[in-house]
Structures are given as structure tokens and as C-alpha cells.
Amino acid sequence: QVQLVESGGGLVQSGGSLRLSCAASGRTFSRYAMGWFRQAPGKEREGVAVISGSGLSRYYADSVKGRFTISRDNAKNTVDLQMNSLKPEDTAVYYCAARQGAAILTTRHEYDYWGQGTKVTVSS
């Protein structure tokens, strides 16, 4: 079992930055690929960024490439999402998710464990 707790959401103006953090329980954190997903009102939950257990492989959705950076610290059992140049369309609830294995997968159904979500609102 893995428990995930997100933090760092909030209200920011367009062009601003936020850093989301996810703290994970468990002793085998490095065995899990970690992803950040988001869900805007009335939309499907989408994969934003994923990082492999080793941290060597990353995936970014086209909509966030060059603006968001995912990173992890396996010693601290944390995964972060640095979000720069935020846009109103980035407004959503952001979720941290974990799946055991090495593959970088980007669909929500591939993930076994989820945090409760943290809301990000970007004003224009």
C-alpha cells in the first residue's frame, strides 16, 4: 500500500509559478513510477507529467512542455511538480499518482494509488 498526500496548490495570476509536492508512504518508493494528473471541471483527468522510479525518464504532456518540471527525491519519498508560466487553462485539481513498475504510462487507469488532490487556480 502507498499513501499519497499532495500540497502546494493555490491561487496564482497568469504567468506566475507554483510548486506542488507529493509525499508518499512506504519503503519501496523507488519502485514506483509517479505521475501528476489534473482534472478541470467537466473534463477528463489527464496525465500532465510522469517520472520513472529512478528519475531518469520523464514524460510531459504537450500542453505543459517547457513550463512544468517533474522531479523526485527517493530518499525523502517525495515527487514535485514545478509549474512556471501558468495559464488560466492550467486551472484544475492536480493529483499525484503511483504505479509499481518501470514503464512511463500516462493514462489514469494504469495507476493504482492516488492522492486526494490539490486545487490550482490561475487567474487571468
Side-chain angles (χ1 to χ4, degrees):
Q1 284 282 348
V2 176
Q3 292 184 324
L4 304 173
V5 179
E6 303 101 333
S7 61
L11 173 65
V12 64
Q13 288 188 331
S14 181
S17 298
L18 279 176
R19 189 176 183 90
L20 306 182
S21 292
C22 174
S25 64
R27 293 173 291 179
T28 58
F29 182 64
S30 62
R31 296 181 184 177
Y32 290 81
M34 300 297 297
W36 283 97
F37 290 72
R38 67 185 181 187
Q39 188 165 17
K43 294 190 176 181
E44 293 289 321
R45 192 171 300 186
E46 63 172 348
V48 173
V50 178
I51 189 167
S52 63
S54 65
L56 295 178
S57 298
R58 294 174 174 84
Y59 157 86
Y60 295 99
D62 287 343
S63 57
V64 306
K65 277 181 183 176
R67 300 188 299 122
F68 290 12
T69 302
I70 188 170
S71 61
R72 66 188 295 158
D73 186 334
N74 286 343
K76 296 181 179 179
N77 282 18
T78 59
V79 58
D80 292 346
L81 186 68
Q82 177 65 42
M83 306 187 294
N84 299 329
S85 302
L86 283 161
K87 305 175 182 180
E89 50 264 44
D90 294 318
T91 295
V93 177
Y94 284 71
Y95 297 90
C96 175
R99 66 173 303 278
Q100 195 165 7
I104 298 289
L105 300 177
T106 61
T107 57
R108 61 178 297 184
H109 304 292
E110 303 287 350
Y111 286 76
D112 304 308
Y113 304 100
W114 292 85
Q116 81 287 352
T118 186
K119 188 172 183 180
V120 172
T121 303
V122 184
S123 63
S124 57

Does one hydrophobic cluster hold both Y59 and V48, with members joined at side-chain heavy-atom distances below 4.5 Å?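 Different hydrophobic clusters.
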Examine F37 and V64 and state if one hydrophobic cluster contains both, with Ile, Leu, Val, Met, Phe, Trp and Tyr joined whenever side-chain heavy atoms are less than 4.5 Å apart.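 Each belongs to a different hydrophobic cluster.
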For V50 and Y111, run side-chain contact (heavy atoms from CB on, under 4.5 Å): C-alpha distance rounded to whole Å, both residues' side-chain angles, the deciding distance at 0.1 Å, then the answer. CA-CA 11 Å; V50 178; Y111 286 76; 3.3 Å; yes
Nearest heavy-atom pair of [X] and [Y]: which atoms, and what distance?
| X | Y | value |
| --- | --- | --- |
| G26 | N77 | O-ND2, 2.7 Å |
| V120 | G9 | CG2-CA, 4.1 Å |
| L11 | S123 | CD1-CB, 4.3 Å |
| Y113 | V2 | CD2-O, 3.4 Å |
| S124 | P88 | CB-CG, 3.8 Å |
| A102 | S52 | O-CB, 4.3 Å |

Do [X] and [Y] come within less than 4.5 Å of each other through their side chains, counting heavy atoms only?
| X | Y | result |
| --- | --- | --- |
| R38 | S63 | yes |
| F68 | L86 | yes |
| D80 | R19 | yes |
| W36 | V79 | yes |

D90/K87 ion pair, N-O < 4.0 Å: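 Salt bridge: no.
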Set of residues satisfying side chain to side chain donor-acceptor pair (under 3.5 Å) with respect to Q3, sequence neighbours excluded: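 Checked Q3 against side chain to side chain donor-acceptor pair (under 3.5 Å); zero matches.
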Does any donor atom in the side chain of N84 or Q82 lie under 3.5 Å from an acceptor atom in the other side chain?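 Yes, a side-chain donor-acceptor pair sits under 3.5 Å.
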Does the side-chain contact (heavy atoms from CB on, under 4.5 Å) test come out yes or no for Y60 and I70, once each step is laid out? CA-CA 9 Å; Y60 295 99; I70 188 170; 3.5 Å; yes
Of all pairs that satisfy side-chain hydrogen bond (donor to acceptor under 3.5 Å, both in side chains), the ones with a partner from residues 99-110, not counting sequence neighbours: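 side-chain hydrogen bond (donor to acceptor under 3.5 Å, both in side chains) check on residues 99-110 returns no pairs.
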Which residue pairs pass the disulfide (SG to SG under 2.5 Å) test when at least one of the two sits in residues 13-89, sequence neighbours left out?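 Every pair satisfying disulfide (SG to SG under 2.5 Å) with a residue in residues 13-89: C22-C96.
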Has Q116 got more than 12 heavy atoms of other residues, nucleotides or ligands less than 6.0 Å from its CD?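 It does: Q116 CD has more than 12 such atoms within range.
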Could you tell me the separation between the [atom1] atom of [X] and the [atom2] atom of [Y], rounded to the nearest 0.5 Å?
| X | Y | atom1 | atom2 | answer |
| --- | --- | --- | --- | --- |
| R67 | S17 | CZ | OG | 10.0 Å |
| K65 | R58 | NZ | CZ | 14.0 Å |
| M34 | S71 | CE | OG | 11.5 Å |
| D73 | T78 | CG | OG1 | 4.5 Å |
| E6 | W114 | CD | CH2 | 9.5 Å |
| I104 | I51 | CD1 | CD1 | 7.5 Å |

Main-chain N/O of [Y] paired to [X] side chain as donor or acceptor, under 3.5 Å:
| X | Y | value |
| --- | --- | --- |
| T91 | V122 | yes |
| R45 | Y95 | no |
| N74 | G53 | yes |

